[in-house]
Amino acid sequence: MSDQKRLFLVDAYALIFRGYYAFIKNPRINSKGEDTSAIMGFMNSLLDVIKRERPDHLAVCFDKGGSVDRVEMYEAYKANRDETPEGIKTAVPYIYDILKAMHIPIVMKEGFEADDVIGTLSRQAEKEGFKTFMVTPDKDFAQLVTENIFMYRPVFGGGYETWGIPEVQQKFEVTDPMQVIDYLGMMGDASDNIPGLPGVGPKTAKKFLAAYGSMEGLLAHTHELKGKMKEKVEANGELGLLSKKLATIMLDVPVTFDAKDFELDQPDIEKVKEIFQNLEFRRLTDNFLKTFVDNTETSSNETKTPALEGKVDTVAKKSSSERKGSAGAGQFSLFGASSDLSDQEETTSEYTRKTAETSSHFYQSVASGMATKLFVKNLLNQTSVCFDTETTGLNPLTAELVGIAFSWEVGKGFYVPFPEDRNGAKELIEILRPFFENENIEKIGQNLKYDIKVLAKYNVDVKGNLFDTMLAHYLINPDMRHNMDVLAETYLNYTPISITELIGKKGKNQRSMREVPLDKQTEYAVEDADITLQLKEHFEKELREANTQKLFDDIEVPLLRVLAAMELEGINLDKAFLNSLSEELNNDIANLEKSIYEAAGEEFNIASPKQLGVILFEKMKLVDKPKKTKTGQYSTAEDVLSYLAKDHEIIQQILDFRGLSKLKSTYVDALPLQVEESTGHVHTDYMQTVAATGRLSSNNPNLQNIPIRTERGRQIRKAFVPRNEDYTLLAADYSQIELRIIAALSEEETMINAFKNGEDIHASTASRVFNVPISEVTREQRSNAKTVNFGIIYGVSAFGLSNQTDLSRTEAKELIETYYATYPKLRSYMSEQVDFARDNGYVQTVLNRRRYLKDINSRNAVVRGAAERNAVNAPIQGSAADIIKLAMINIHKKLAEGNNKSKMLLQVHDELVFDIYKPELDAMKLLIKTEMENAYQLSVPLDVDLDIGDNWLEAH
DNA sequence: TAAATAGCAGG
DNA sequence: GCCTGCTATTTAT
């Protein structure tokens, strides 16, 4: 080992960008609404480097004002860069502060890029006998590599690789790292907008380098090339030389390397802690303290020069032989006895995630027979257990149990495999039943609705308190995603075994869980249960802190059971009716097709907006200046075409064609295919954690967007029918619930009274806004008032309003002004919501459901405007969702208590659909109306309309 | 084969 | 202007 001094030069922006985008799907937002992704990503990397390498000299280099020289050479240099994301701009000052507090030098020079600064410093340090490591993912730096200068690149998935001369030679197929400049010059660089030689990519560039050694060499030998390539290279020699200059990192920036300045000092611990605390970095604070405070044992010889030892320094710290307990070993001794677990891993950086490989754990499969009984005995002694079912598929109605994993202690758990034969499975389930049906044992899981449905198919009723980590996290941050892999990575810094690793990618030859070897099943399934258990501990606390525990316990968790029941029930579908509808549509579509082709003078794909645009606007020239979409295509969207409909017959035909095709493909033909064979019903899947406002969503199939607005479309509702002639469908919907909520929340008396008096709210609004008696309100006036009423809920703009009505922009603006004058408290309520969001970073519903609005203080007016509209809309839409959820829970409870045959089947945001057993009809009408109208007390009465019928259309 | 885009169904 | 999910076409890999 050499005792050469080691200097680490960090390319700040490259790591900041990388950190920022690493979190892009789950941006880190603190309670003040600040996006801290970039800061966290950068600090993770920096601490990681320090911890791994313990550099004795270190500096962080920034760009300052872009490269004056390069822009002078080439105006378009970096001109196509998107604007730096807001989250990065705001991060930089924080990073400066942190670096200062850490006593790490910041190097930058006006008019130069970090590349040039690093290039210059590394050469100076080389002269003073340093080994330099350039910390950057950017390949351009390869040109700087020498015997004493290395690239130190973060690798996707964790770890770092060091590029010395041999690595650069190999990656770029060059003999000298300096040739990387020629390589970059030839192929150009899209992100820096370096043009390069046209038609030359990585392959050709390597070929040229091998043959001619450099850009100049190539240009001197163009006569040896042939065909198109020869022409192109000869025509663009100048461009090639310019590109090479642009790609050259400068080595003469006016900065000076002074070894003393760059020595890595002890940071000002308190100062850094304070900044981190302000940013709400908990894990990072721990990591920082570990890096700088108790580092006594880490600076052993092992960590002194690992950068030079392996090409890739991966994260695995414990070999698998060090791990305890693999499946199958000594199971009896382990039941109930607590086996000591060794220390938890301490690494936490973004690039050093823990996995099952690197964490100690004890996952055990339970053999059949006696062992299972002993296991269950132990299980029944627990008060709280996490479980996870493994099945043969995603559809709980058809999926078979392959196994169930259990965990009640972090790092430990058991897996009970299920036999394939039905009888064997039934026997086993009987052994487990006492656990699931025990009221006193809390059941923890991720997406318990699925497990509950699967077990219901085995006639097992899961009883006792529930804790669903997916639901918990949905309340903690509804805008994020909530799948277990993301949660584990975000909150536990842990990467679980991926399901595709076991069963392959979906599609062609995906395996069933059943075919996975038992030891793999065990590792995977128990890991899931173990992680879920760990997440629970995390989320319990956060729910309490956000004051949203009640919403969780009283609404979302009970609702999970309600939804499971509704989904298992499904709704009866009249397939024969849809089939005949399909034939009718087929005819009509064929006829339209014919007339369209005639009018157009040729056949084309009407469903292709691209082809349609060409026909309408190039061939037929129906309009002078066609509107374009953002990708430069002609827009053929509905509102655009509607304008033209009165002038050209073909347009109406196209719109009709579209309408009918949509109906046919999305509903009439698709729905019958979704009927479950065993039940004859369609079973939608309600998603409880996707809509950021708190609404449900529905898919496979989506039964929340069955047509109703057009005559032709609403016919589809006739296909939704009661289960048999003893039943009838009942639809119950809240009348104007969102307007009632905004009236109540804003305490706008005028509007509240209108509702209390049972007035037609849109007519009432029109009467006041247009200053006419309510009896003389015209259709148009009512319609405009209705548009504004809804607009208010969405956060109106004059622009949007004039688009939706016949009103001009000015008229729309006036109308909105008059509206606010009529309902002054509405306006003040709206600005209060925005102010609240600015101060707190979130808004909330009547039941304390939060939505965080990170952009509410954005300096970008468009982005901020969207957040402001959300601040108004989310509490309204979300409160309506809260209320109907409450009603659903209460109704479900009453139906069960009364042993009623009638069932709740569907929820469509403000509507509930029931299959009513005819003898129960009167009782049900009363029950449903009462429960819905009294689900939540507002200062405005809630009003529910009920309708019954032999199909969903009639029940409206 | 998967991902992105355009368009459109509902509240 | 808010909140969603599905289909078909097109594009990129």
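So you know, we letter chains A, B, ... as the sequences are listed, proteins then strands, and number each from 1. Below, each value reflects all heavy atoms present in this structure, side chains not excepted, and no hydrogens, waters or symmetry copies. Since the structure is predicted, the reported quantities are computational estimates derived from the model, not experimental observations.
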Figure out the [atom1]/[atom2] separation between [X] and [N], and round it to whole Å.
X        : N      : atom1 : atom2 : answer
A:Gln633 : B:dT5  : CD    : C1'   : 9 Å
A:Gln715 : B:dA9  : CD    : P     : 15 Å
A:Gln907 : B:dG10 : CD    : C1'   : 12 Å
A:Asp639 : B:dG7  : CG    : P     : 9 Å
A:Leu671 : B:dG10 : CG    : C1'   : 13 Å
A:Leu906 : B:dA9  : CG    : C1'   : 16 Å
A:Leu660 : B:dG7  : CG    : P     : 18 Å
A:Tyr686 : B:dG10 : OH    : C1'   : 12 Å

Legend entry - Within 45° cone and under 6.0 Å: A:Lys627 NZ/CZ vs A:Tyr634 ring: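 A:Lys627 over A:Tyr634 ring: no.
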
Using a strict threshold of under 4.0 Å (side-chain N to carboxylate O), is an ion pair present between [Y] and [X]?
X        : Y        : answer
A:Lys813 : A:Glu817 : no
A:Glu748 : A:Arg827 : no
A:Asp479 : A:Lys854 : no
A:Glu933 : A:Arg740 : no
A:Asp835 : A:Arg838 : yes
A:Lys449 : A:Asp685 : yes

Under 3.5 Å, which donor-acceptor pairs link side chains of residues 710-721 of chain A to any protein atom two or more places apart or in another chain?
residue  : atom : partner  : partner atom : Å
A:Thr710 : OG1  : A:Gly713 : N            : 3.1
A:Glu711 : OE2  : A:Gln715 : NE2          : 2.8
A:Arg712 : NH1  : A:Asp588 : OD2          : 3.0
A:Arg712 : NH2  : A:Asp588 : OD2          : 2.5
A:Gln715 : OE1  : A:Lys718 : NZ           : 2.9
A:Gln715 : NE2  : A:Glu711 : O            : 3.4
A:Arg717 : NE   : A:Pro707 : O            : 2.8
A:Arg717 : NH2  : A:Ile706 : O            : 2.7

Legend entry - Base B:dG10 to side chain A:Arg714, donor-acceptor N/O within 3.5 Å cut-off: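 Answer no: no donor N or O sits under 3.5 Å from an acceptor.
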
Just checking [X]: base, sugar-phosphate only, or nothing, at a heavy-atom cut-off of under 4.0 Å?
X        : answer
A:Glu738 : nothing
A:Ile706 : sugar-phosphate
A:Thr636 : sugar-phosphate

Legend entry - Any A:Arg709 side-chain nitrogen or oxygen under 4.0 Å from OP1 or OP2 of B:dA9: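 A:Arg709 to B:dA9 OP1/OP2: no side-chain N or O under 4.0 Å.
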
Legend entry - Contact residues, residues 607-617 of chain A to DNA chain C [heavy atom, < 4.0 Å]: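 The answer is A:Ala607, A:Ser608, A:Lys610, A:Gln611.
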
Inset, instruction - Decide if the gap between the ring center of A:Phe790 and the ring center of A:His762 is smaller than 6.0 angstrom. - result: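 So the answer is yes for these two rings.
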
Legend entry - Footprint string (nucleotides 1-7 of chain C, 5' to 3'): B base within contact, S backbone only, - free, heavy atoms under 4.0 Å: BBBSBBS

